[in-house]
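Throughout, residue positions are numbered sequentially from 1 according to the sequence presented. Everything numeric here is computed off the predicted structure, so don't read it as measured data. Any value given below was found using the heavy atoms of this structure, including those in side chains, with hydrogens, waters and symmetry copies removed.
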Amino acid sequence: MTLIKIQTPDDWHLHFRDGDMLNETVPATARCFKRAIVMPNLVPPVTNAKMVEEYRQRILDARPDNSDFEPLMTLYLTNETTCEDIVKAKQVGTVAAKLYPAGATTNSDAAVKELDALFPIFDEMQKQGMLLLIHGEVTDNHIDIFDREKEFIARNLTRIVAAFPGLKIVFEHITTKDAVDFVVAANENVAATITPQHLLLNRNDLLVGGIRPHNYCLPVLKRNIHQKALREIVATGNKKFFLGTDSAPHEKDQKESACGCAGCYSAWSAIELYTHVFDELGALDKLEGFASHYGADFYGLPRNEGTITLVKEDWTIPEQIILPNGKPIVPFFAGQNCTWKLIE
């Protein structure tokens, strides 16, 4: 097969950032995705309905001319979030709220420190039909970073799912076989997103031959048995697993520093790299469901009209992209070969 056409896909987890960065990240995503779930971990974070509306407008202002791209907005949960915040956010079209354990990732210091205190909030979300999106890692210093997702499942996620069976939960950017097994066994209201980096790479690609900061993301890349589990589950076409890039831009000097930022900027090559993976797996027939159907179905939204077309053609992902402020950013898989290309 050298040409494939799929229904227009969506990205169910990404970071646009803010300010001038939007003039890079929004067009990069809108080139192939019709909708995207927008993460709220800005500085300051998006914690109320007014901030949701203002951020949505900034994103819309950065859309390319004639683009009908639609940002799907999320609320940042803290221990100060109230049930009224949930109701008001829902009224302005917010589709989900994001649970970050405090300190788990970029701009998460203001996030949740006492999980059990949020159970009344989860109950209100269940009533409102608002999805809960979870960065599923514990942050205790004594827990090995490679075990933090597994520990979060055992300590927290099992309790949340049991207590709120009617709450739709997306276990975001899963990285382990433990997460795959948990989602498969859970009720129909539990699903997961999977990133291109966790399908393409494992921790050898982060650490062998020297630390590779542009492959550093959170949750961190895991060992190859976990990468294998992720690849195997997407190849089955299981509808509980769908596309979420976790595309997360940082300027080059912020990645290549003594304390490098976590995140892979995959927007300019995401759909091509997913296609590359599904081709490697002999599962191109499962790509459309993963990219275009299962996420929309889980969120209760209509599937997109229209299609995109990809051709089997070798091309090299750029070594860097220049941001509107003139600074370079290194995209995910920079300088490497991709075997599929979007036909604009």
Side-chain angles (χ1 to χ4, degrees), residues 10-22 24-26 28-30 33 35-63 69-113 115 117-118 121-122 124-125 128-137 139 167-173 193 195 217-219 244-250 261-265 267 295 299 301:
D10 302 298
D11 187 344
W12 298 100
H13 179 168
L14 63 67
H15 301 263
F16 278 139
R17 308 304 188 203
D18 207 355
D20 287 346
M21 182 78 82
L22 294 176
E24 158 62 27
T25 56
V26 175
T29 293
F33 295 114
R35 298 171 293 202
I37 290 286
V38 180
M39 291 297 102
N41 56 329
L42 307 182
V43 181
V46 180
T47 56
N48 60 52
K50 182 175 184 291
M51 297 176 80
V52 166
E53 290 186 295
E54 291 172 345
Y55 187 31
R56 178 196 287 122
Q57 189 58 54
R58 295 196 296 274
I59 294 169
L60 292 174
D61 290 344
R63 288 188 306 185
F69 172 79
E70 180 184 2
L72 302 174
M73 306 307 292
T74 63
L75 190 74
Y76 183 106
L77 293 174
T78 75
N79 282 117
E80 285 69 53
T81 302
T82 66
C83 290
E84 184 180 11
D85 290 328
I86 298 299
V87 172
K88 289 183 175 180
K90 180 69 174 180
Q91 288 172 346
V92 300
T94 308
V95 301
K98 180 62 181 280
L99 169 62
Y100 292 104
T105 190
T106 303
N107 301 336
S108 64
D109 291 345
V112 176
K113 298 177 176 66
L115 180 62
L118 278 188
I121 304 302
F122 298 156
E124 185 62 39
M125 291 174 61
Q128 294 292 327
M130 183 182 287
L131 281 77
L132 174 62
L133 315 181
I134 296 179
H135 182 119
E137 293 187 286
T139 56
L167 178 63
K168 282 194 169 184
I169 296 171
V170 181
F171 193 0
E172 296 201 297
H173 47 43
T193 55
T195 74
C217 57
L218 289 171
T245 63
D246 194 23
S247 181
H250 294 283
C261 294
C264 299
Y265 182 51
Y299 273 78
L301 296 171

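Across T94 and A89, no two heavy atoms sit closer than the pair OG1-O, 2.8 Å. When all heavy atoms of D10 and R35 are compared, the closest pair comes out as OD2-NH2, 2.9 Å. In terms of heavy atoms, P101 sits closest to E137 at CG-O, 3.1 Å. The two residues A62 and L22 come nearest to each other via the heavy atoms CB-O, 3.6 Å. When all heavy atoms of T29 and A267 are compared, the closest pair comes out as OG1-CB, 3.9 Å. What you find for T74 and V52 is that their closest heavy atoms are O-CG2, 4.1 Å.
For the atom pair CG (D61) and CZ (R56), the distance works out to 12.5 Å, reported to the nearest 0.5 Å. Here the CG-OG1 distance, from L75 to T78, works out to 8.5 Å after rounding to the nearest 0.5 Å. Within the model, atoms CD of Q128 and CG of L131 stand 13.0 Å from one another, a figure rounded to the nearest 0.5 Å. One distance of note links CD of E84 with CG of N48; it measures 10.5 Å at 0.5 Å rounding. Here OG1 of T245 is found 8.0 Å from NE2 of H15. Values are rounded to the nearest 0.5 Å. For the atom pair OG1 of T47 and NZ of K50, the computed distance is 11.0 Å after rounding to the nearest 0.5 Å.
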(request) Please test L301 against L72 for side chain to side chain contact (heavy atoms under 4.5 Å, CB included), starting from the C-alpha separation and ending with a verdict. (result) CA-CA 11 Å; L301 296 171; L72 302 174; 3.9 Å; yes
(request) Verify side chain to side chain contact (heavy atoms under 4.5 Å, CB included) between V87 and K90, making sure each step is shown before the conclusion. (result) CA-CA 5 Å; V87 172; K90 180 69 174 180; 5.8 Å; no
(message) Go through it in stages, so that I can follow the logic: the residues are V46 and E54, the test is side chain to side chain contact (heavy atoms under 4.5 Å, CB included), and I'd like the CA-CA distance, side-chain angles, deciding distance and then a yes or no.
(response) CA-CA 9 Å; V46 180; E54 291 172 345; over 6 Å; no
(request) Tell me, with the steps shown, if V170 and I37 meet side chain to side chain contact (heavy atoms under 4.5 Å, CB included). (result) CA-CA 12 Å; V170 181; I37 290 286; over 6 Å; no
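Checking Q57 against E53 by side-chain atom types alone, no donor-acceptor pair falls below 3.5 Å. For the residue pair D246/T195, the side-chain donor-acceptor check at 3.5 Å is not satisfied.
Between D18 and R58, the closest side-chain pair of non-hydrogen atoms falls below 4.5 Å. Between I86 and L77, the closest side-chain pair of non-hydrogen atoms falls below 4.5 Å. L118 has its side chain within reach of N79: a pair of non-hydrogen atoms, C-beta onward, lies under 4.5 Å apart. Between P45 and P40, the closest side-chain pair of non-hydrogen atoms is not below 4.5 Å. Using a 4.5 Å heavy-atom threshold, the side chains of E24 and Y265 count as touching. Between M39 and L14, every side-chain heavy-atom pair lies at or beyond the 4.5 Å cut-off.
Summarising the local packing, NZ of K113 is surrounded by more than 12 heavy atoms from other residues, nucleotides or ligands at distances under 6.0 Å.
Although no hydrogens or angles enter the test, the distance criterion places a donor-acceptor pair under 3.5 Å between the side chain of T25 and the main chain of F16. Within the 3.5 Å criterion, the main-chain N or O of P249 finds a donor-acceptor partner in the side chain of R17.
Using a 30° and 60° split on the angle between ring planes, H135 and H173 fall in the perpendicular class, above 60°.
Of the charged side-chain nitrogens involved, at least one lies within less than 4.0 Å of a carboxylate oxygen, so that E172 and K98 count as a salt-bridged pair.
Aromatic pair Y100/Y76: ring centres closer than 6.0 Å.
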